[in-house]
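All of these numbers come straight from a predicted model, not from anything done at the bench. Residue numbers start at 1 and run along the sequence shown.
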Amino acid sequence: MRYIAHSLSIFLTLGAATGFTNSASANGVHPQAKPSGSSSVKDLVRRGQRARSAGQWTEAYAAYKAAFEAADPASSTGRERAEIAGELGLCELALNKHRDAAEHLAWSLGQLEALPLPLQKRFEEGRRKAESLVAVLILAVDPPDAEVLVDGKQVGRPARTYTLYLEPGRHMVRARAPGREDALHAIGAVAGAKHDIAMVLPRTSAREAKEGGPVARNDTPQTPSSPPVARTGPPSPWASWPGRARIGGIAVTTATAAAGAILLLRAHVVHGDLREGDAARRAQGWTSHTCREASAPAACADIHDQVNERDLFATLGKVSLVTSAVFGAATAASFFTEVAVFGAGPRATGVRVVPMTTSERAGVLLEGAW
C-alpha cells in the first residue's frame, strides 16, 4: 500500500505540471507568440484580400486602412505601401468614398516604378473613374510656406503647388502666412472638372508703414508763434495778406508733396506684388497671352484690377508732386515780388488752407478774402 500511495502522488504531480504547461501555452504567455509589425501588416493585407475576393468591401476597406496606417518605411517596402494604398483606394471607390479613393490611388500611382504593370493598369483605371466623380483643384500659392485650408481644414504640408480632390459643391480655400494678408477664394467644384487657382498673399509691412507715416507727421507741431500786439517799426511781412498767403502756400506744398509720396509708395507696392505674382505664374506655364485668350483663368480679373490700381495711384502721385512744385515755386517767387506787386501796406484779411487727401484723390480747400 505504501508503494501504491507513493506512485499515485508521483502521477498526480506530473499531471499537475503537464496541465499548467498546456494552460500557459493556450493563454499565449510564450514571448515567441507575439507577432512582429511586418507580420501584422501582412496579416491585415491577407485579410483584406480574402474579404475583397468575397465581395465584402466594408471588411476589406477596414483591413487595408489598418494596414496602410501600420505600414512604415522601417517595416515595409515602397512597393508594399504603394500596393496597400492602391487596394485601399479601390475599396473606397466601391464604397462611394470618391475623394478618398482619388487621393489614395493618385498617391499609389505616384510610386509608379514600384508597382508591377498589372497593378498599374488596375489602379489607373480606378483613378480615372474616381476623378470623373470629383473635382480636381490645381492650387499654386505664393509664398510657398503659406498654410492652406480648405473649408477650415489644413491641407498637408506647405508646398508651392497642390493637387487636391474636392467633392462637387461650394468650397472655401484660404491661405495665410506670417507677415502677409490672408487670401480667400470661393470655388464651385464641378464633378469631372479641373480648376486652376493662383493665390498670391501680399505683404502687410508696406501697408503698415503707409498707415503709420501720416501719424508720425502729425505728431510734429507746426504752429507759428504769433507776433506781439503792440510793436514799433514797420510791420512784419508775415502780418500782411501776402504773408499769410505764403503760409498757405507752404502748407499746400507740404500737404501735396506728402500725398504724392504716399500715393507713389502705394503704386510701388502694388507694382512689386504684380511682379512677384507674374514670376509665380510664369513658373506655372503662363505666358503674356494667357489673359487675352477666350478661356482666360479667373485670376486674370484680379490681375487687371491690380494693374488699374497701380496706374491710378501712380497718376495721382505724379499730379500731387506737380501741384506741390507749382505751389512751392509760387510761394518762393512771392518773397521777391512783394514790394513791386503788392506794396508794403498790410491789409486786414485772412486765409484758411485745408489739405484733403483720400485713398484715390488729393486736393486742397482754400477759404478767405483775396
Side-chain angles (χ1 to χ4, degrees), residues 99-100 103 106-107 110 135-167 169-189 194-219 258-259 261-286 290-291 297-314 316-317 357-360:
R99 186 185 65 82
D100 294 339
E103 288 183 352
W107 186 91
V136 181
L137 172 60
I138 308 298
L139 175 63
V141 182
D142 184 37
D145 60 346
E147 179 185 16
V148 176
L149 301 95
V150 177
D151 298 332
K153 297 181 180 179
Q154 186 176 359
V155 178
R157 292 180 295 179
R160 182 174 292 277
T161 305
Y162 297 82
T163 300
L164 305 176
Y165 297 97
L166 304 176
E167 296 289 351
R170 299 287 295 178
H171 299 276
M172 179 62 69
V173 182
R174 179 182 181 185
R176 61 190 182 189
R180 302 269 184 162
E181 296 182 13
D182 288 5
L184 296 174
H185 193 97
I187 177 175
K194 181 177 291 187
H195 305 271
D196 294 302
I197 298 178
M199 301 181 74
V200 180
L201 282 65
R203 293 188 177 92
T204 57
S205 57
R207 186 184 68 175
E208 291 172 356
K210 184 194 74 173
E211 294 175 352
V215 176
R217 285 181 193 276
N218 294 337
D219 290 339
I262 293 173
L263 292 169
L264 289 178
L265 175 62
R266 178 58 181 169
H268 179 72
V269 171
V270 176
H271 182 70
D273 292 341
L274 282 170
R275 291 184 61 184
E276 291 181 4
D278 183 65
R281 287 186 290 273
R282 287 185 181 277
Q284 300 167 18
W286 284 43
T290 300
C291 289
C300 289
D302 296 335
I303 298 172
H304 182 70
D305 293 340
Q306 282 186 295
V307 171
N308 291 339
E309 182 184 7
R310 178 199 62 189
D311 295 341
L312 175 62
F313 283 125
L316 292 175
T357 305
T358 66
S359 61
E360 298 183 355

Taking only residues two or more places apart in sequence or in another chain, which ones pass side-chain contact (heavy atoms from CB on, under 4.5 Å) with Arg176?
-> Glu147, Leu149, Arg174, Asp182

With sequence neighbours left out, the residues meeting side-chain contact (heavy atoms from CB on, under 4.5 Å) with Leu264 are Lys318, Leu321

Only counting residues at least two apart or in another chain, list the ones meeting side-chain contact (heavy atoms from CB on, under 4.5 Å) with Asp278.
-> Arg281, Arg282

Once you round to the nearest 0.5 Å, how far does CD of Glu276 lie from CZ of Arg203?
-> 4.0 Å

Which atom names give the shortest non-hydrogen contact between Ala183 and Met199, and what distance separates them?
-> O-CE, 3.2 Å

Closest heavy-atom pair and its distance - Val141, Pro143 = CG1-O, 3.5 Å

Do the side chains of Asp273 and Val269 get nearer than 4.5 Å, heavy atoms only?
-> yes

Could you check Leu312 against Asn308 for side-chain contact (heavy atoms from CB on, under 4.5 Å), going step by step and ending with a plain yes or no?
-> CA-CA 6 Å; Leu312 175 62; Asn308 291 339; over 6 Å; no

Exercise answer: donor-acceptor pairs, residues 157-165 side-chain atoms, under 3.5 Å, sequence neighbours excluded:
{"residue": "Tyr162", "atom": "OH", "partner": "Arg157", "partner atom": "O", "Å": "3.4"}
{"residue": "Tyr162", "atom": "OH", "partner": "Ala159", "partner atom": "N", "Å": "2.9"}
{"residue": "Tyr165", "atom": "OH", "partner": "Glu131", "partner atom": "OE2", "Å": "2.9"}

Tightest non-hydrogen contact, residues Ala177 and Leu201, listed as N-CD2, 3.7 Å

Check side-chain contact (heavy atoms from CB on, under 4.5 Å) between Ala186 and all other residues, then give those that pass, not counting sequence neighbours.
-> Arg170, Met172

Set of residues satisfying salt bridge (charged side-chain N to carboxylate O under 4.0 Å, His left out) with respect to Arg99, sequence neighbours excluded | Glu103

What do you reckon, is NE2 of His171 surrounded by more than 12 foreign heavy atoms closer than 6.0 Å?
-> yes

Determine whether Ile187 and Val173 make a side-chain contact, defined as any pair of heavy atoms from C-beta on separated by less than 4.5 Å.
-> yes

For the student: nearest non-hydrogen atoms of Arg310 and Val270, plus distance = CB-CG1, 3.7 Å

